[in-house]
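Heads up: the structure comes next, in structure tokens.
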Amino acid sequence: MDDEEARTRLLDAAEALFYAEGIQAVGMDRIRTESGVPLKRLYKVFPAKEALVTAYLDRRDRRWTASLRDAVAEAAEAADPVGAVEAVFEWLAQWFSEPGFRGCAFLNAYGELGTGPAAVLDVVRRHKAELRELLARAAGPGREVLADQLLILVEGATVVAALDPGPEPARRAGAAASALMRAGDAS
């Protein structure tokens, strides 16, 4: 097994375990066991748990954001801001309905780890900034306040869905987002 295969296996195990059980609840020995990567190789690839957590969140951010961006792309290309924002909440409804949904991995990590370690906090902040930027592009130019409001709706729906998984929080937040979009168009 080379370092790249070990990295992939470690990240796969870390993502499944950290998301399902929490970062602090899962030790490096458990990651090693679940991944099948020898301890020496694990610490060669990820010298500390912080490095593994940061890599897990970074990889999740790239995949999650790309998936959401793809879901919004068609409406955004058609210059349909209402449709683009509705696509965000339709995507969320599907995500909230996935088996094993436990809310936002980034907010979960922040909730567990707080303001340290710095590298983890940087990934969390970058993820939220990317999400806000995606919402700003979906809402259309010159609608910065609306983008902030949409971010609050997305985050609120995600937290509610973490407590009660299913599509309804996304649908309710999506209805509010559509009303905000239409109200903005009328002014």
Side-chain angles (χ1 to χ4, degrees), residues 10-28 30-31 34-35 49-72 84-139 145-181:
L10 290 164
L11 286 171
D12 289 346
E15 182 161 5
L17 293 168
F18 289 160
Y19 187 69
E21 299 177 25
I23 293 166
Q24 293 182 0
V26 177
M28 293 296 272
R30 179 105 181 273
I31 299 289
E34 293 291 324
S35 68
K49 187 174 182 181
E50 176 183 337
L52 178 60
V53 172
T54 302
Y56 141 67
L57 289 172
D58 190 53
R59 182 173 83 158
R60 187 172 180 98
D61 170 57
R62 286 190 310 271
R63 188 177 59 248
W64 190 95
T65 304
S67 178
L68 179 56
R69 197 175 285 122
D70 289 347
V72 175
V85 169
E86 288 173 348
V88 168
F89 290 92
E90 289 168 13
W91 184 88
L92 290 173
Q94 291 175 355
W95 177 44
F96 296 169
S97 299
E98 289 178 1
F101 173 78
R102 286 199 64 244
C104 174
F106 305 91
L107 292 180
N108 294 348
Y110 180 76
E112 279 193 72
L113 305 175
T115 58
V120 173
L121 185 57
D122 288 346
V123 175
V124 171
R125 284 183 174 146
R126 185 178 69 241
H127 170 75
K128 295 306 175 188
E130 289 170 353
L131 175 56
R132 192 217 172 267
E133 180 58 33
L134 186 149
L135 293 168
R137 283 192 308 273
V145 171
L146 180 59
D148 291 335
Q149 293 168 333
L150 294 172
L151 180 62
I152 291 168
L153 287 171
V154 167
E155 296 297 350
T158 304
V159 170
V160 170
L163 298 172
D164 187 19
E168 284 310 309
R171 290 183 181 141
R172 289 190 298 270
S178 292
L180 284 171
M181 291 292 295

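All residue numbers refer to positions in the sequence shown, counting from 1. Heavy-atom basis, side chains included; hydrogens, waters and symmetry copies ignored. Source: prediction; values computed, not measured.
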Residue pairs, two or more places apart or on separate chains, that pass side-chain hydrogen bond (donor to acceptor under 3.5 Å, both in side chains) and touch residues 159-178 |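 Residue pairs with at least one partner in residues 159-178: E86-S178, E168-R171.
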
L134 side chain reached by V88 side chain, heavy atoms, under 4.5 Å |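 When only atoms from C-beta onward are counted, L134 and V88 do touch, with a gap below 4.5 Å.
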
So do the side chains of L131 and L68 get within less than 4.5 Å of each other, counting heavy atoms only?
->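 SC-SC contact between L131 and L68 confirmed.
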
Pair up each side-chain donor or acceptor in residues 103-117 with any protein partner under 3.5 Å, not counting sequence neighbours, and list the distances.
{"from": "N108", "atom 1": "ND2", "to": "R102", "atom 2": "O", "distance (Å)": "2.9"}
{"from": "N108", "atom 1": "ND2", "to": "C104", "atom 2": "O", "distance (Å)": "3.3"}
{"from": "E112", "atom 1": "OE1", "to": "I23", "atom 2": "N", "distance (Å)": "3.1"}
{"from": "E112", "atom 1": "OE1", "to": "Q24", "atom 2": "N", "distance (Å)": "2.8"}
{"from": "E112", "atom 1": "OE2", "to": "I23", "atom 2": "N", "distance (Å)": "2.7"}

Does the pair L11 and E15 meet the rule for a side chain to side chain contact (heavy atoms under 4.5 Å, CB included), with working shown?
-> CA-CA 6 Å; L11 286 171; E15 182 161 5; over 6 Å; no

Does [X] have any side chain to side chain contact (heavy atoms under 4.5 Å, CB included) partners at least two apart in sequence or in another chain, and if so, which?
X: A25; value: none
X: D148; value: R132
X: A139; value: R143, L146, L150, M181

Mind checking what makes side-chain hydrogen bond (donor to acceptor under 3.5 Å, both in side chains) contact with [X], not counting sequence neighbours?
X: Q149; value: none
X: R69; value: none
X: W95; value: none
X: R126; value: D58

Qualifying residues under ring pair (Phe, Tyr, Trp, His ring centres under 6.0 Å), relative to Y56, sequence neighbours excluded |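 Checked Y56 against ring pair (Phe, Tyr, Trp, His ring centres under 6.0 Å); matches are F18.
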
Residues forming a ring pair (Phe, Tyr, Trp, His ring centres under 6.0 Å) with Y19, sequence neighbours excluded =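 Partners of Y19 by the ring pair (Phe, Tyr, Trp, His ring centres under 6.0 Å) criterion come out as none, since no residue qualifies.
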
Knowing that exactly one of L17, D12, L10 qualifies, which makes a side chain to side chain contact (heavy atoms under 4.5 Å, CB included) with E34?
->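 Among the candidates, only L17 passes.
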
For residues S97 and P167, report the shortest heavy-atom separation together with the two atoms involved.
->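 That closest heavy-atom pairing would be OG-CD, 3.2 Å.
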
With D70, which residues qualify under salt bridge (Lys or Arg N to Asp or Glu O under 4.0 Å), at least two apart?
->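 For D70 there are no salt bridge (Lys or Arg N to Asp or Glu O under 4.0 Å) partners, ignoring immediate neighbours.
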
